[in-house]
Amino acid sequence: MNSFFKNIILKIILLDSSLEKGKISDYIFAKAYKKLKITVKHNIKDVFLIVLGILSASFGFKAFLLTNHFIDGGATGISLLVASLTNIPLYVLIILVNLPFVFLGFNVIGKQFAIKTAFAIGGLSLALATLTFPNITNDNLLVAVFGGFFLGAGIGFAIRGGAVIDGTEVLAIYLSRKFGTTIGDVIIIINVLIFGTAAYFLGIEIALYSMITYLAASKTLDFIVEGIEEYIGVTIVSSHNEEIREMIINKMGRGVTVYSGKKGFGKRGETKETDIVYTVITRLELNKLMTELDKISPSAFVVMNSVKDTRGGMIKKRPLH
């Protein structure tokens, strides 16, 4: 290994005051090197996603929304609304509106999130100030749908990179903790105020088209963040747990987790030890699982819940059947 990089790794290890240079073994060095490689790899991936998000959002702004005075929800909607009513450039407003959310994110979520968010917002402002995109169309419906699509994709890519270019979610998290409300309720209230203001100053028609923009952006954001596949976590309680486990592994081609539990019914019902089977499948495989399960244990107790995403295991390594 190059001595320059070796010295960097040694300095990282020595940041731990409990270690002295003479006590660093080859194992500790190799472990620190592996951690550094993983950190660098993830940071490069995050930067790429954030830059991709900046470019997508910039295209949505300048090629669709700005020239037609459409807005979105959240902090970007506030920026677009003020830009439509004043002569203040959007790239300035993006920073001014989101700056309080960067500081709030530092306190609510953490330092790394705040740094990435500052980079994302600064990059978006720079892109809006320097990049030029042609006005694609003046058709209101196309502007609303595709402007929202590219803006939502930009926000989604930034979130996948560990940052936001719309600080509304940070405010929603803070207010939900402070007042005990849900994050969704806070976001709805904020957007009602934004679109109500837009209807008053820009007109009902622009406000209605802007709602379409917001819906398109929201759906695209969900698609980018949650992925194309929808996963279902399935918990199965049955006396035929071993047959069910074998069925999931052999016929479904999926992994399972088996853990011990107790089952009973009512306050004085019988309580028995049992093994509980848990697996994660895609929604497309749910029908096949239920069919195979009915063959083994029609009376099995089944609980299903949505899973945002998965990592590791077999579900992303095996093809759908």
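Since the structure is predicted, the reported quantities are computational estimates derived from the model, not experimental observations.
Residue Ala216 comes nearest to Val145 through the heavy atom pair CB-O, 3.5 Å, listed as atom of the first residue, atom of the second, then distance. Between Val82 and Thr86 the shortest heavy-atom distance is O-OG1, 2.7 Å. Annotation for Ile248 and Gly255: closest pair CG2-O, 4.1 Å, computed over non-hydrogen atoms. Residues Thr137 and Asn68 approach most closely at O-ND2, 3.6 Å, considering heavy atoms. Scanning both residues, Ser58 and Leu128, for their nearest heavy atoms gives CA-CD2, 4.0 Å. In plain terms, the two heavy atoms of His69 and Ser84 that are nearest each other are ND1-OG, 3.9 Å.
Put simply, the side chain of Leu90 reaches to within 4.5 Å of the side chain of Phe61, judged on heavy atoms. Considering only heavy atoms from C-beta on, Val164 stays 4.5 Å or farther from Ile121 through its side chain. Counting only heavy atoms from C-beta outward, the side chains of Leu202 and Thr197 never approach each other to under 4.5 Å. Taking 4.5 Å as the limit, some side-chain heavy atom of Asn43 sits within range of a side-chain heavy atom of Gln112. In this structure the side chain of Met290 reaches within 4.5 angstrom of the side chain of Val302, judged on heavy atoms. Residues Val303 and Val234 are not in side-chain contact: their nearest non-hydrogen atoms beyond the backbone lie 4.5 Å or more apart.
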(request) Verify side chain to side chain contact (heavy atoms under 4.5 Å, CB included) between Ile159 and Leu221, making sure each step is shown before the conclusion. (result) CA-CA 9 Å; Ile159 291 176; Leu221 171 61; 3.6 Å; yes
(request) Check the pair Lys288 / Ile281 against side chain to side chain contact (heavy atoms under 4.5 Å, CB included), numbers first and verdict last. (result) CA-CA 10 Å; Lys288 181 179 179 180; Ile281 59 174; over 6 Å; no
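In the displayed structure, Tyr278 atom OH is contacted under 6.0 Å by more than 12 heavy atoms of other residues, nucleotides or ligands. The environment of CZ in Phe146 is sparse: at most 12 heavy-atom neighbours from other residues, nucleotides or ligands sit within 6.0 Å. Dense packing is recorded around CD of Glu246, with more than 12 heavy atoms of other residues, nucleotides or ligands lying under 6.0 Å away. Within a 6.0 Å radius of OH in Tyr259, more than 12 heavy atoms belonging to other residues, nucleotides or ligands are found.
Of the possible polar contacts, one joining the Asn98 side chain to the Gly167 backbone as a donor-acceptor pair under 3.5 Å is found. In terms of modelled atom types and a separation under 3.5 Å, the side chain of Ser125 and the main chain of Tyr91 share a donor-acceptor contact. Checked by atom type and distance alone, the side chain of Lys62 never pairs as donor or acceptor with a backbone atom of Pro134 at under 3.5 Å. In this structure a side-chain-to-backbone donor-acceptor pair under 3.5 Å is present from Ser210 to Ile71. Of the possible donor and acceptor atoms, none in the side chain of Asp166 sits under 3.5 Å from a partner among the backbone N and O of Ile155. Counting only distance, with no hydrogens or angles, the side chain of Asp139 and the backbone of Leu142 share a donor-acceptor pair below 3.5 Å. For the pair Asp275 (side chain) and Ser260 (backbone), a donor-acceptor distance under 3.5 Å is absent. No side-chain donor-acceptor contact under 3.5 Å links Ser56 to the backbone of Leu52. Formation of a donor-acceptor pair under 3.5 Å by the Asn241 side chain with backbone atoms of Ser238 is found in this model. Side-chain N or O atoms of Ser297 include none that pairs as donor or acceptor with a backbone N or O of Asp294 at under 3.5 Å.
Note on Leu171 and Ile95: same hydrophobic cluster, where clusters join Ile, Leu, Val, Met, Phe, Trp and Tyr whose side-chain heavy atoms are under 4.5 Å apart, directly or indirectly. Residues Val170 and Ile115 do not share a hydrophobic cluster, defined by chaining ILVMFWY side chains whose heavy atoms lie under 4.5 Å apart. Follow the hydrophobic side-chain contacts under 4.5 Å out from Leu175 and you never reach Leu99; the two are in separate clusters. With hydrophobic clusters built from ILVMFWY side chains whose heavy atoms lie under 4.5 angstrom apart, Leu208 shares a cluster with Leu65. Phe106 and Phe103 are not part of a single hydrophobic cluster, where members link through side-chain heavy atoms under 4.5 Å apart.
Between Phe157 and the choices Leu55, Ile165, Ile224, the side-chain contact (heavy atoms from CB on, under 4.5 Å) rule is met once, by Ile224.
With no hydrogens or angles considered, a side-chain donor-acceptor pair links Thr67 and Asn135 at under 3.5 Å.
One distance of note links CG of Leu93 with CD1 of Ile88; it measures 5.0 Å at 0.5 Å rounding. A distance of 12.0 Å separates NZ in Lys251 from CD1 in Ile244, rounded to the nearest 0.5 Å. Distance check, rounded to the nearest 0.5 Å: CD1 of Ile206 to CG of Asn140 gives 6.0 Å. Here Phe48 contributes atom CZ and Ile44 contributes atom CD1; the two are 12.0 Å apart, rounded to the nearest 0.5 Å. Atom OG1 of Thr279 is separated from atom CD1 of Ile232 by 11.5 Å, given to the nearest 0.5 angstrom. Within the model, atoms CD1 of Ile276 and CZ of Arg245 stand 15.5 Å from one another, a figure rounded to the nearest 0.5 Å.
The aromatic rings of Phe70 and Tyr209 lie parallel to each other, their planes meeting at an angle below 30°, with 60° marking the opposite boundary. Relative orientation of the Phe150 and Phe64 rings is parallel, given thresholds of 30° and 60° on the angle between their planes.
The existence of a salt bridge linking Arg254 and Glu285 is confirmed by a sub-4.0 Å separation between a basic side-chain nitrogen and an acidic carboxylate oxygen. In this structure, Glu292 pairs ionically with Lys295, as a charged nitrogen and a carboxylate oxygen lie closer than 4.0 Å.
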